[in-house]
Amino acid sequence: MSASQTAKSNRPELICPAGTPAALRAAVDAGADAVYCGLQNATNARNFPGLNFTPEALTQSIAYAHERSTKVLLAVNSFATAPETELWHDAVDIAARENADAVIVADIGVARYAADKHPDLRLHLSVQAGASSPEAIKYYCREFGIARVVLPRILTVTEISAIHDEIPCEIEAFVFGNIGMMAEGRCSLTNYITGKSTNMDGVCSPASAVQYVKNADQSLAANLGGFEIDCFAQGESAGYPTICKGRYLTPARSGTYYAFEEPISLNLSSLLPELVAAGVTALKIEGRQRSRSYVKAVVSSYRAAIDAIMEGLEPDLSTLISLTEGGKETQGAFKSKKWR
Amino acid sequence: MLDQTNSSQSSATRNKTTPLPKLAGLALRPVPLFVVQPVLNRLVRDISSRRPELFERLGPHINTVFAIDVEELPFVLALLPDPQEPRLTAHRRSENIASGASISGPFMTLFAIMDGDEDSDALFFARDVEVGGNTEAAVCLRNALDDLEGSVVDDILEIGGALYTPLKIMLAHLRKSEAAP
């Protein structure tokens, strides 16, 4: 049995999002084992206005978390672009200086810098790297000493289990939150309209390019960069204003339709026992852009669910539906390859 | 495959359907704006001085005027979160407010957001709150309020002065209503 196989069925860590210090404290207090966050710049994939941490706020937040035995992971998971790579190097240096428990990286240049400059700094491979095969993951482990891989949301639990048996690092899997197009780190839809990159600027559908317009019939149009990407009828649930979840017209169909996928959230509460059995070390909640209220509610629910599972009890996560996008939830590709 | 729509009453829905408590409703009956305005002037100054960190997350939007349209109120609020000269003014709906961003929704929903008790994204998904104009400004304001230790409601309850007494009574009453199952 390999070292990684012995990890199967151990108690998984609960990894929680924080877009602000208040959300980080909420996550810690609600029972997170680790909290991930980012700096106020393009070095992370949630570079949203008014969100994220200054270095000073990070220092205070890490102290708060460590005093309560909770880890803090710094996401430096956008792709460094010349000639501004120093920004990403600085972010890694800040993580090392402030005793972050790990840095989440996607870019091989950033990974190289971190591994060379801070050999004792623990590295996690971001979902943005899109490493979904044992060969790819082993490459990152060999070259950069990656300790944990966050798997793309394109794999079934069975496939995750098989990968687990072949790789020398831990596995982190998303269990709740926003679910987008499944080729993470490769989506350029937002560039197409706004000129801003999810992968390099850290922002999908930048708020500065979003406008909501209420029509005379009380419907709500969502515009991105001057293009209407959806229109919600009065009382109809809305979603994030992203191109991948917009509705469009085509001569081949009557009315609008979701060309890519629907506003919906991932919720793997009923698959938690299988994920644990598959050897997933860490269960990740998405949502650094969400409020501290969301963080508190989701983290508390998942904390209770994980504890229940470890005691052989049935978890209850029925209350989380109100926090999902569009009021809908899915198991995505984790149960089967098709989820539409 | 699990793929279900909302079947249980969400907290968002609960707030949407929660009527304004009777006491608050009485307090919010049409009142002359000159009665409301001194309280708003004092309120925005006191909150600004107690919470300088509120402005840090607003970035350039300290110069944006936010129109806050609470459904049950007989007036619309206009907020200019300028740390040097903050303003919160009441306007009749018939007035044309020159705002950069607007936020609207039922009283109890907006109260819950301000009190850090609800997730505004979920409320937006449920169409309980609406955002207009400059979305970036609205997002910044949401994030600024969300990062406060405690909430603005806590501040108001802590600030002294006879001018706040009716407001304090009302907020305490609203919190009790909010906490009720």
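Basis for what follows: all heavy atoms, side chains included, without hydrogens, waters or symmetry-related copies. So you know, we letter chains A, B, ... as the sequences are listed, proteins then strands, and number each from 1.
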Part of [X] lying under 4.5 Å from any heavy atom of chain B:
X        : answer
A:Leu220 : both
A:Lys214 : side chain
A:Phe48  : neither
A:Phe232 : both
A:Thr54  : neither
A:Gln289 : both

Task: Ring-face cation contact, B:Phe75 with B:Arg92, 6.0 Å cut, 45° max - done: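 Cation-pi check for B:Arg92 and B:Phe75: fails.
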Task: Within residues 45-66 of chain B, residues adjacent to chain A where the heavy-atom gap is under 4.5 Å - done: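 From residues 45-66 of chain B, the residues near chain A are B:Arg57.
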Can a donor-acceptor pair be found, under 3.5 Å and without considering hydrogens, that links the side chain of [X] to the backbone of [Y]?
X        : Y       : value
B:Glu149 : A:Ala22 : no
A:Arg303 : A:Gly31 : yes
A:Gln40  : A:Pro55 : no

Any Lys/Arg nitrogen of [X] or [Y] sitting under 4.0 Å from an Asp/Glu carboxylate oxygen of the other?
X        : Y        : result
A:Arg247 : A:Glu236 : yes
A:Glu286 : A:Arg46  : yes
B:Arg93  : B:Asp69  : yes

Open item on the list: Less than 4.5 Å to any heavy atom of chain A: does that hold for the side chain of B:Leu145, its backbone, both, or neither?
Closed with: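 Answer is backbone: N, CA, C or O of B:Leu145 sit under 4.5 Å from chain A.
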Open item on the list: Under a 4.5 Å cutoff for heavy-atom pairs, which residue among A:Ala238, A:Pro241, A:Pro263 has the most contacts with chain B?
Closed with: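 If we count pairs closer than 4.5 Å to chain B, A:Ala238 comes out on top.
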Open item on the list: Under 6.0 Å between ring centres: does that hold for B:Phe124 and A:Tyr212?
Closed with: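 Judged by ring-centre distance (under 6.0 Å), B:Phe124 and A:Tyr212 do meet the cut-off.
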Open item on the list: Is it the case that over 12 heavy atoms from other parts of the model lie below 6.0 angstrom from the CZ atom of B:Arg87?
Closed with: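 Counting neighbours around CZ of B:Arg87, 12 or fewer heavy atoms of other residues, nucleotides or ligands fall under 6.0 Å, so no.
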Task: Side chains of A:Phe176 and A:Leu268 in contact at under 4.5 Å (non-hydrogen atoms) - done: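 A side-chain contact under 4.5 Å is absent here.
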